[in-house]
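The structure appears right after this line, and notes come after that.
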Amino acid sequence: MTDNSLLEDFADETREHLEELESSLLRLESDPADRELLNTIFRSMHTIKGASEYLGFERIARLTHRLENLLDLFRDGSLRADKVAVDLLIDARDRIGDLIAQVEDSGQESAEIDDLLERVDAVASGPAPTGGEAAPATVYDGEADAELFGIFMEQLAAGLGQLIETAVRMARGEAVVESVGALTDQVDRLAATANYMGYDALSAVYDDMLAVLVAFSSRSETAGADDIDALLQSTVVSGVNRIQDLFPTAEAIKTIDTRIAVEMPDSEPASQENDDLMLDEENQSAGALTEEMEADAHLSLEVENDLDLEPEEELPGKPVLQEADDSLLEDFADETREHLEELESSLLRLESDPADRELLNTIFRSMHTIKGASEYLGFERIARLTHRLENLLDLFRDGSLRADKVAVDLLIDARDRIGDLIAQVEDSGQESAEIDDLLERVDAVASGPAPTGGEAAPATVYDGEADAELFGIFMEQLAAGLGQLIETAVRMARGEAVVESVGALTDQVDRLAATANYMGYDALSAVYDDMLAVLVAFSSRSETAGADDIDALLQSTVVSGVNRIQDLFPTAEAIAAIDMTVLAAAPAGCVPGNQSSETGSSPTSDIADLLAGLPAIADDERESLLSKTLDETFSSMRNSDADDSGDAQIDGDPIAMQFSSEADGSDFKLPPSGMKGDRDEALAILDDFGVDRNDAGESPAWMPAGSEGDGDGDLWPEAATISIPEPQMPVIDPETTARAIDFSTPATPQPTAADEPEPEVFSARSTIRKSIRVDADKVDDLMNQVGELVVNRSSFAQLFSEMRELTHYLNHRFPMDKADQRLVSGFSARLNDATTVLGRVSSELQEQVMKVRMLPISRLFNRYPRLVHDLLRESDKKIQLQFRGEETELDRMVIEQLADPMIHIIRNAVDHGIESRDDRKRKGKPESGVLLLEAYHEGSNVIIEVTDDGKGIDLSRIRQKAVEKQMADRETLERMDQQALIDMIMLPGFSTTDQVTHTSGRGVGMDVVKRNIEKINGTLIVDTRQDVGTRIRIKIPLTLAIIPALMIQCGGSHITVPLSAVQETFRLDRGEIFTVDGSEMMHLHDEPLSLVRLTDLLNMPVQPQAKSDGRFFVVVVKAANGRTGFIVDKLLGRQEVVIKPLEDYLQENSGFSGATILGDGSISLILNVDELVVMAKERESERRLAAAVL
Amino acid sequence: MNEPFAQTNRESTETIASKQLVGFFIGEEMFGVDILTVQEIIRDTPITPIPDAPDFLEGVINLRGSIIPVIDLRKRLKLVQPAHLDPDVWIIILTVEGRVTGFVVDRVTKVLNVPENSIKPPPDIVVAGLKSQYIQGVCKLDQRLLILLEFSRILMVDEIKKLKSMKRSKVPASI
C-alpha cells in the first residue's frame, strides 16, 4: 500500500526528528525540568508517532505513544526526567532509528520493542508506588529492582498457588460456581500486579484466562465435570505454563507450578492433600505480601488513572501552543503550505476522478498531517476544520458518499481557508479567519445525500433554482418558529402558565435546533443549544420563579437568542423584519390579542410538516448554500413574484402555499415599523422591550402578526418587500453588538463562501513558500555547470587579449585610418566590457549556487553531544560541551566529509585530553572539563576548532614513541620544533600502535583524520600546551568543487597544484642544493628540506632549457608525512580551478587527483601532493636499497 | 507518409539482417566496431599526456567539458609501428561498459553494412599480429578481412591497473 517514495520521505523525516530528539534528550539530561525542551521532545515524538501510525508501523507507533505518555508525566511535573529516564529515551530513540532502518530495508519492523515498553512502564510507574526506594535506582539492574522483582515473584508464586488450589477444588467438583468466581477474582488480582509491573505479556496471559473464565461463568451452574476439566486445562494449566515460560529463571514458580500442573488434571485425593499443604504454606508465607501487593496494585492503578487524566486535562490548555517559537511556526507554515499545494492538485484531480481511492488517500494524508501539526501547535481552527474534512473524506473513502463537485469545491475552499489561516498565523500568530461557514458546508455535504436520496445528485450545485427554494423554506420555518418562541415568551412574561411555557419554549427551541441541525448551521445550533441550556436550568426552578427571574430568563434566551439569529442571517429580511416588529411591539406592548397563541400554534404544526416534507429538497438547499451568494438569491427572489414562488413551492410542499396566502396580509403591516427604525431607535426600543417585559401581558397583538409574518417572510415576494429594514437589525442589541465580532463571519455564511475566498486565495498564493527540498544531486550538477561557467569566463579574458594582439597586428600590417581604428578599438572595448560583466555575473552566480549547498555547521556539531554522552558513560569525567559559531555555513559535502574526522578528534579529547575529575582537582582545574567546538569564517575558508582544557599532548612521549617505532632517529627529533613533533602523531602507524599505552595522549586515528581532511583540501593544525589544553584547528575551503590552485609548468606540461597544499614557492640557485646519500636537499629556514624533481618523479621529459638554466623553482608542499620541495620548471600563477575527476584507472596511484580545464580548453592535471610525497619517499628508499646492494 | 517507408526499411533488415559497423584502419588492417557503441568521431584534438602512465594511454582530451581518456589502439593491440606516423589522427569516442573512452586510429572509413551471417568467430591463429582475445569476429568484405574488435576486452580496467602497478615497480629498479 505504502509506496516507496512515501516510505522514503517518512524515513527521512523521522531521521531528522530523531536527530533533533537526540540533541534535545542530551540537553534534557543536564536540565531535566526544562519545559521547553520537554515540549520539543514531545513534539518530535508526536510527529514520529503520527507518521508511523499513518503508515502502519505499529511498533514505532506503539513505542512513541508510550514514550509520549511518559513525557507527559515529565511535563506535568509528576515525574522527573532522571538519568534512567533519559537513558531510556535515548535507547528508545536508537530503537526507533533501528526500526526505521529495517522498515527501509525490508518494509518490516523486526526489532522488538517490548523491553523498552517495559522500561517505559517501569519508569512511568516506578517512583509513584515504591516511593523513595525505587526512584533513584536504575530500573533493570539496581538493588531496588531486584528487591521489587523478588517481591513480585513471591506474590506471583503465591497467587498462582491460590489459583491452583481453587482449581483443584473445582476439579473435585466442589462449589463450582463459587470457585469460578474465586478464580476470576484471583486472576484479576494477578493481572493487576502484572499491570503494575508493566509486564504486558503477563497481562495478556491473564486477560486470556479471564476471558475464558468469564465465558465459563455464565454456564458454570450447568457445567459437567468434563467442562470443568476443559476449563481448567485451558485457563489454569495453560496459563501457568505460559507464565513459567515468561519467567524461565524464576525457580519458585517453576517448581511449584509444574508439580501442581501435573497433579491437578488428575485430581487425585493424595495430590490434593499435598497441594493443600503446599498451598497453605504458600499462602501463609505469601499472605502478608499478597495483601501488600494488592494494596500496591490498587495504589498503582489509582496513580495511573491520575496520570492518564492529568495530561488529558492539560492538553486542551496546551501550554505548548503559546510557547511555540517562531521557527517552529515557520516550519509549520512551510510544511502546511507544501501540503496545501499537494492538496490542491489532488483535489483538482479528484474532481475528474472522484472514485480514485489512491487520490483520496493522498488527500486524507495531507489533511491528516496538517491536522496533526496544527493540533499540536494549538491552531484550533485549522485543526477543527481539517478534522471535519477528514471525517468527510472518510465518507468518500468508504464509499458511503461520492466526492461530487459540491464536495470538491468545498474541499478546495477549505484548502484555501486553511491557507489563509496559515498566513494569518504567520502574520499575527492568530487565526482570524472564521471557519464556521465551512464547517456548516462540511456538515451539509456529509449529511446531505442521506436524506435527499438520489434526487439531488444530478442537480448543478451552485445555481439551481432549488437551492433558493430550500433556503426560503428554511427561512420561513425559522421565522415562524421564532414567532412562536416570542409568543410563548410574551405569555410567560405576562406570568401565564410559567411552568408550561418553559416547557413549550424548550420544545420550540428544540424543534428549531433540529431544523438548524438538519440544515447544518452549526452556529445557529449553538445559539439554540445555549438557549436550551438556560431553559433546562430554569425549568427545574420554574415553579418558584418570580417575575424577575422570568424576565431574566427571557432576556437571556429569547431576546438574545433571536438577536443572535438575526445576526446570523443579516440578509434574511423576513426574520430581521419580523423580529423587529415583535420587539417593537413588545415595548409598545399592551396590544391585547390572545389569538396569537392560536395562530402561533398552527405554524408550529406546519413546521413539523414542513420538516417532514423538506428532505426532498434538502440537497438543493445544500447546493444553494454553497453556490449562490445571498444577494443573488434574494435578487432572484425579488424578481420572482408571489405567484411564481407559490407555484414553485407547490411542487415541494403544499403547506408552503398556505403560508403564501397568509403572508399577503402580514406583509403590509410590517414594513413601516421596520423601515423607520434606525440604529439608535432600535437600541432604545430594545431597552424598552426589556423593561416592558416586566409588566406582563404586552405585545400579544403583534405577536401573532410576527409569527405569521415570519411564516410569510419566508415567501419570496414578502421577503423582498421587507428587505429594507434588515441592515439595521443586526446591530440592535448591545449585547449582540459585543458578540458581533465573533459572529460576524458566520453570520454571513453564504456571502463568505462565494466572495471572501477569492481575494484571500490570492493573498495565500502570493505568499510564496520559503523553502524547497531539492535533490542534492541536482544542486551538485548545477554547481558543476556554474564551475564550468566560471572557468569559461577566463577564456573570454584570453580572447580579449588575443583580440588586442590581433588589432595590433592588423594595424601593423594594414595601416588603417583613424575611423577604422576607432571602430576596431571600440569593438575591443565593448568586448572587454562584456567580458567584465560576464565575469561579475558568473562569480555572483557561483557564490549563490554555493550558498545553496551551504548548511549551518550546527548540522555537524549536533551529532557530537551524543558522542560525548556515550563516551562519558563509563568514565567519571565531567565535560561541558560548548558550541560557538554554529550558524557558520559550510558546503554540504564538506560537512559530510568532516563528520568522521571530527569524531576521532572529539573522542581523543574526551578519552585522552580531559582528565578525570580527581586529576583535575589536583591540578586546580574546575571539576568539569570544557570541550569547545567552534567554527568561523576566515577568507574563503572555514575554520573549525576543537579545543579542550585537558592535559595536552606530552611531547616527550611523542619523541619516545617515535624512536620506539623507528619513525625518526633521535637527532632529527632533537632538531624538530614542537609543531613538527606534534605533526608526527598524524603519521600513519604512529597512532595505531599507540593504543597499547592508552594514556599516552592523542594520536588515535589522527592519520585518518588528517587524510580525511586533506581529501577535502583542508589542513589540520594541532596546538597543545601541557596541562592547559589542546586545540585542533581544521581549515577547510568553503567548497570542494572549486579550489584555488597554483599553476606550474613542468616537463612541458601544465600542472595544477592545490594551493592548500602549497607552503611556499621560491627560486633556487643550483649552488644551494646539497646531496645527502644521493638525494638532493636544501636548507629552508635552517631546516633541511628534501627536494624532488617533479620531472623525475613523474618520468616526464626534461626540457632542455630548464636544465641549462642554473636556477630552479621550488614549490614547498606540506603533505601528510612531511614537507617536500618539488623542483618545477616554471611558476605560472594562481587560478581558481574546477576539479574534474579522472577515470579511476587513470587516477589511481598516478600522483594526480583529477584534472581541470583551462581557459583555452586545454587540460591541466591536478597534483595529488600526498601521493607524490609518498611516491618520492618510496622511490628514495628503493634507490637506497639498490645502492646498498650494489 | 512515413509508414510505407518504415515498413520497407524493416523488411530489408529482416531479410538481410545486416550489422552496421564503423570501419577504421590501423596501418593496413581494417577494423570494425558496432556503430551503436560509437559516440562520435573527432579529429585534431589536443591530447594532454598523463605522465608516468602506461604507454598506450595516450592521455586525456577535453570533450566539451568532460575529461576523457584516450587510448592508442595501435599500442594497446601491440600492432606494428610504421616508420612515420601521420600526425593527423582520428579519435573514435566509444562507450564501452559505461565508460566513455577515446581510441586513436589512423583513419576512419564510412559506415559499413555487413550481413550478420558473414561474421565469423575469431580464428585460432593470430590475425594481423593480434591476439584473438581482442577479436570479436571477422568477416570478409571486398576481398579484405575486417576485424571486429572486442572493446570490452581492450578496455579491461583491471588489466590496465595491473599494467600500471607493474610499470611502477619496475621503474625504480631500472634506475
Side-chain angles (χ1 to χ4, degrees), chain A residues 784-785 787-789 791-792 795 1050-1056 1078 1094-1101 1138-1152 1154-1167 1171-1172 1175-1187 1189-1190, chain B residues 39 42-72 76 91 93-103 151-175:
Chain A
N784 276 341
Q785 295 301 312
E788 210 61 57
L789 181 65
V791 169
N792 270 4
S795 72
C1050 188
S1053 298
H1054 193 291
I1055 287 175
T1056 305
L1094 213 50
T1095 45
D1096 287 355
L1097 190 59
L1098 293 171
N1099 291 322
M1100 291 195 285
V1138 181
I1139 301 176
K1140 305 240 170 200
L1142 291 172
E1143 283 283 320
D1144 53 357
Y1145 60 88
L1146 288 180
Q1147 192 162 328
E1148 229 168 61
N1149 291 318
S1150 64
F1152 299 102
T1156 188
I1157 295 171
L1158 300 174
D1160 61 358
S1162 67
I1163 297 170
S1164 172
L1165 296 166
I1166 302 171
L1167 281 189
E1171 214 170 80
L1172 279 176
M1175 276 165 65
K1177 297 232 154 128
E1178 272 173 15
R1179 217 166 282 186
E1180 174 78 14
S1181 56
E1182 275 168 32
R1183 196 183 50 75
R1184 275 188 208 170
L1185 196 73
V1189 169
L1190 287 171
Chain B
Q39 196 183 10
I42 52 174
R43 300 188 69 174
D44 201 20
T45 295
I47 301 176
T48 308
I50 295 179
D52 210 16
D55 65 342
F56 60 81
L57 265 178
E58 195 68 11
V60 286
I61 57 167
N62 170 14
L63 186 67
R64 288 187 299 279
S66 305
I67 293 175
I68 309 286
V70 175
I71 288 173
D72 187 331
R76 178 75 181 109
I91 301 172
I93 310 287
L94 302 179
T95 310
V96 185
E97 290 177 345
R99 295 168 186 271
V100 180
T101 313
F103 290 91
F151 276 94
S152 61
R153 185 66 189 77
I154 289 168
L155 192 74
M156 191 171 261
V157 171
D158 289 342
E159 191 181 305
I160 295 173
K161 283 180 184 172
K162 209 188 280 172
L163 277 170
K164 268 173 74 177
S165 62
M166 271 165 59
K167 181 166 174 278
R168 171 116 329 135
S169 60
K170 248 187 279 170
V171 168
S174 67
I175 292 172

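Only this structure's heavy atoms are used, side chains among them; waters, hydrogens and symmetry mates stay out. The sequence lines fix the lettering, A, B, ..., with proteins before strands; numbering per chain opens at 1. This is a predicted model, so every value here is computed, not measured.
- Heavy atoms of B:Thr45 lying under 4.5 Å from chain A are absent altogether.
- Within the 4.5 angstrom heavy-atom criterion, atoms from both the backbone and the side chain of A:Leu1098 approach chain B.
- Rounding to the nearest 0.5 angstrom, the gap separating the CD1 atom in B:Ile67 from the CD1 atom in A:Ile1157 is 4.5 Å.
- Looking at heavy atoms from C-beta onward, A:Leu1165 lies in side-chain contact with B:Pro51 at the 4.5 angstrom threshold.
- Heavy atoms closer than 4.5 Å to chain B are found nowhere in A:Ile1055, neither backbone nor side chain.
- Smallest separation of non-hydrogen atoms from B:Asn62 and A:Ile1163: N-CD1, 3.3 Å.
- Interface residue B:Pro69: backbone and side-chain heavy atoms are both found under 4.5 Å from chain A.
- Between the OG atom of A:Ser1162 and the CD1 atom of B:Ile61 there is a distance of 13.5 Å, given to the nearest 0.5 Å.
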